[in-house]
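Let me begin by presenting the structure, written as structure tokens, before commenting on it.
Below, read A as the first sequence line, B as the second, and so on, with proteins coming before strands; counting in each chain starts at 1.
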Amino acid sequence: MNTLLNTLATRLGFHNQQPPFSFHGGLPLNPNKRALGESIVEPPLPPYLIIPLINYAKQSLTPTVAVGDSVRRGQLLAAGVVAPTSGKIKAIKPHATIHPDTLAVNAIVLHCDGEDKRGNPSASDNPQELGGASDNLSRLIKLRSSGKQSQMQQLVDQFALSGLGGAGFPTAEKLLGNTTPVKTLIINAAECEPEISCDEALIQSDAIDIVKGIDAAVQLSQCDQCIVAIEDSKPAAIENLQSALKDKPTAAQLMIIPTRYPTGAESPLIECVTGKYIPHNQKPTDHGVVCINIATALALWHALDNAPLDSRVLSLGGQSMPNPCNVRVRFGTTVNFILHSTGNNSVVNDHRIRAGGPLSGFDLQNLSVPITAHTNCILAEPRVEITDAQACIRCGQCADVCPARLLPQQLHWHAMADDLNGCKQFQLDACIECGCCDLVCPSSIKLTETFRYAKSQARFRDTLELKAVAAEQRFTEREHRLEQRALARKRAIEERKKTIQSSSEPDREEIKAALARARAKRQPKQSR
Amino acid sequence: MSFVIPFLLVVFALIATGALLARLSRTNTSTDKNNTSAMIEQVNAVLPQTQCAQCGYPGCRPYASAIIEQNEQINRCPPGGDKTITDLSNLLGTPVIPLNNECGVVKPPLVAIIDESVCIGCTLCIQACPVDAIVGASKLMHTVIQNECTGCELCLPPCPVDCIELLTPQQTAADWQWPRPA
Amino acid sequence: MNEWALILLTTVLVNNFVLTQFLGLCPFMGVSRTLESALGMGMATSFVLTLASALSYIINQWLLVPFELGYLRTISFILIIALVVQFTEIIIRQRSPMLHRVLGLYLPLITTNCAVLGVALLSARQHDSLIEAVVFGFGAAAGFTLVLILFSLLRQRLAGANVPPAFKGNAIGLITAGIMSLAFMGFTGLA
């Protein structure tokens, strides 16, 4: 009876601190946050940084600086990319990145001068523009309300804000680029994946600034309500956030959600907080929901304060990490350097080093790869024999835990048969690659790996199809053009013939004479 | 003899109706034409649109109409490889047959690149390109629009100075694919 | 009424034409590669079977029997079936040209399909009312469509299976059909 009343009360919104809803599937995992220590470790600046010229949509960027240029910290290097420190650009060349296949993309190699001088030379031309954070915020809001899109974009570009959650979607676009009004802004502090505790560490050290950032995000998005969602397994962080929220009156409410992987992923979180399940082919913004990471909110505040996003906190963890900790690194720092400067160099040679969490990440084959905005965790795991997958026994446990409400066993069958249409029928696109199905599979089938493969295949096929359509169109247009040209030519010849026939006699005589001459010339040739 | 007349009548009636229906099914030409073009469209959508003419027809749509109208074999498309043959066999309900080697062999996707220092600007390749993917003008350097090139190799034979090469396009982050799990 | 239901049940499940009487195996193997073609073939055959069953009953009872032309039964039935098939072909050609192409030769081959002729002959011999004959034809067609759809779904799934090379294609298809037939024998004694 009591529980029933409780649920009723929650549904009616009597106590807002409890999440009224839940999401499908998921797993209660041991949080295992061994990286969470006293404070965030600040390693020294590395001798050089490598900044890949690629955006979140995996399109390559054109650098706005050249080799040999001296840059300052915060100076734009390409659209949405700033120099993480001051120094000299040594090279712009392909460099290996954090990628399952260590794919090389064009990157800027920046030799640090160690002075870490701030300042954007273009902005320092008129220093009165370089106001404080609240000035920048009000300017941005004014630009937004007066509809000056390009100026706003220019300002936003200098922030170099990208989501610090995992996907790296440009945050400014989420907050400012909405066509439908934002009803709910969700600040994601769930951080549900085991081992990762970078956001928790940030909340423990920087709660005051985080709340300022949340406030700024609320003002920018013009949302009706703002909910900060955090898992109940983080009491210290909850306390910090609560007191910080109390000190600064904002529209934001704290919501404590149950600890269940993957609550931190966008769609389960939205389902958990608002009760709305957003189908995979629709965007949360279409439903008036915007979801940003809590670290991104802090980065937004710093960016408004003229310190564009150029570093992040990441967790070093894993079973074999000798010195697990949360560490603040500049973008472009190599994994190797981070491990060495935190006293973890012993794992470099004989352990598996993973980028990303234990479930969503992948093994690194090369450690001289640079950190980017969406690298939230580096793990060191012992090398173990991988157990061979057995045949699927169709137990259905994968379907029970799937937060995207899919049928992983069916998808696996179609994916392994390279039946992409079958995969589409079972909505492979909706898979968020959380890895829950892998964990529960009694036959230890590598389901997520298969889905990643099939998804990339489907994506590739789609691009090929688009290309084919374009080629077909170009081909038909060319055919049409050639046809028109031939027709025009034929018409011109006929026209000419007509004018010749109707022209005066002497002309005709001349033509006849010329014809006779030509025939006479050809005659001996033919006789030979 | 009493059974002969009804017997003949029955047989005659049946044959007459059958023949009539058969005639009916053949004479309806206008819808037939529509149907044919719809089928050609469906076949064309399966073809890779390389426009390479390796099938012996001057492009993908001509090959598609040959498949529908002249019952041409479905194994004459080397750029499509096994996938196109399977798709066509599923679409048309014909058995899967191996690729006709006379048409060519399956190659990885290629993109043409003009060595611009050697190019003399003869415009011959521009005329040969079936998808207008080469830009340039007479006596001026030509270049290939990489995104539009289908790798059909039709620009190779007309080039008088052999300055066109076909290369495998560079792997980018956008079209990288996860490896197939074992 | 009860009798008709019994006839329907018997023809669909117990005496299924394909899996119990092994008639009409060639379209069963030939057009079961995809669900669409199986459905199309099932529909076409249903139409032909129901109509042919009725027509052949009429011809038999009102023409062949009174005039003692029993020896003409087979040939006149083939003619009736050919007529209905022709009619069906026209409809399919107009409605779905691609299906017409996919079914290809199997469509006119319904004419000589042993299941269709078998149904016509059996219904003429066994049943003593027109409605019974129609129900019998329809039941046989529904049974045929049912197993065709089931089999096409099985084959679609088999396409992704790791089949040993020697069993690939029709071989594993026939084995599957055999197992399906065993399963259908389980209906014996149901009615």
Side-chain angles (χ1 to χ4, degrees), chain A residues 52-60 94 97-106 362 386 388-389 412 415-416 418-421 433 438 445-479 481-482, chain B residues 40-41 43-53 57-65 77 79-84 86-87 90-91 108-109 111 126-135 144-152 154 169-182:
Chain A
L53 290 169
I54 195 164
N55 66 4
Y56 83 100
K58 293 175 184 164
Q59 302 296 315
S60 54
T97 51
I98 291 197
H99 187 274
D101 209 18
T102 49
L103 189 76
V105 302
N106 221 16
F362 50 85
I386 300 160
D388 277 342
H412 180 256
M416 286 315 280
D418 285 306
D419 176 13
L420 295 179
N421 291 332
E433 299 171 26
D438 281 0
I445 298 172
K446 306 275 175 299
L447 290 149
T448 315
E449 222 173 273
T450 322
F451 300 155
R452 281 172 172 167
Y453 159 74
K455 275 169 96 172
S456 62
Q457 287 283 316
R459 213 163 29 233
F460 185 62
R461 191 185 67 166
D462 288 350
T463 55
L464 280 190
E465 258 164 31
L466 278 182
K467 232 188 136 178
V469 169
E472 212 254 321
Q473 197 185 349
R474 288 175 84 84
F475 176 71
T476 11
E477 272 164 16
R478 179 173 182 269
E479 295 274 279
R481 194 186 66 222
L482 292 183
Chain B
I40 291 172
E41 224 32 67
V43 172
N44 193 33
V46 172
L47 295 174
Q49 303 302 333
T50 321
Q51 319 293 357
C52 63
Y57 297 89
C60 293
R61 188 181 296 274
Y63 178 40
S65 54
C77 182
D82 290 341
K83 186 189 171 285
T84 299
T86 331
D87 286 355
N90 279 339
L91 183 65
V111 165
I126 296 179
Q127 290 160 38
C129 181
V131 290
D132 286 334
I134 304 178
V135 285
V144 178
I145 311 171
Q146 298 288 311
N147 270 342
E148 309 291 352
C149 177
T150 61
C152 66
L154 288 178
Q170 220 180 4
Q171 173 96 76
T172 60
D175 59 10
W176 180 82
Q177 290 161 65
W178 285 83
R180 191 190 160 86

Proximity breakdown for B:N147 and chain A, heavy-atom pairs closer than 4.5 Å: backbone
Under 4.5 Å from any heavy atom of chain A, what part of B:P58 do you find: side chain, backbone, both or neither? backbone
Let me confirm one number: the [atom1]-[atom2] distance from [X] to [Y], rounded to the nearest 0.5 Å.
X	Y	atom1	atom2	answer
B:W176	A:K58	CH2	NZ	8.0 Å
A:Q59	B:T172	CD	OG1	8.0 Å
B:Q49	A:T476	CD	OG1	8.0 Å

Go through [options] and name the one with the most non-hydrogen pairs under 4.5 angstrom from chain B.
options	value
A:E449, A:K446, A:E479	A:E449
A:A468, A:S60, A:A454	A:A468
A:M416, A:E477, A:E465	A:M416

Check: A:D101 and B:Q171 side chains under 4.5 Å, non-hydrogen atoms: no
Would you mind checking which part of A:F475 comes under 4.5 Å of any heavy atom in chain B, side chain (CB onward), backbone (N, CA, C, O), both or neither? both
Segment of A:T463 engaging chain B (4.5 angstrom heavy-atom cut-off): neither
Are more than 12 heavy atoms from other residues, nucleotides or ligands located less than 6.0 Å from atom CG of B:D82? no
Taking all atoms of both residues into account, what is the closest heavy-atom pair of [X] and [Y], and its distance?
X	Y	result
A:Y453	B:W178	CD1-O, 3.3 Å
A:V105	B:A173	CG1-CB, 4.4 Å
A:E472	B:Q51	CA-NE2, 3.8 Å

Has the side chain of A:R474 got a donor or acceptor atom that lies under 3.5 Å from a matching backbone atom of B:P130? no
Is the backbone of B:C129 close enough, under 3.5 Å, to the side chain of A:R478 for a donor and an acceptor to pair up by distance? yes
Based on non-hydrogen pairs under 4.5 Å, which of B:P109, B:P48, B:A174, B:P181 is most in contact with chain A? B:P181
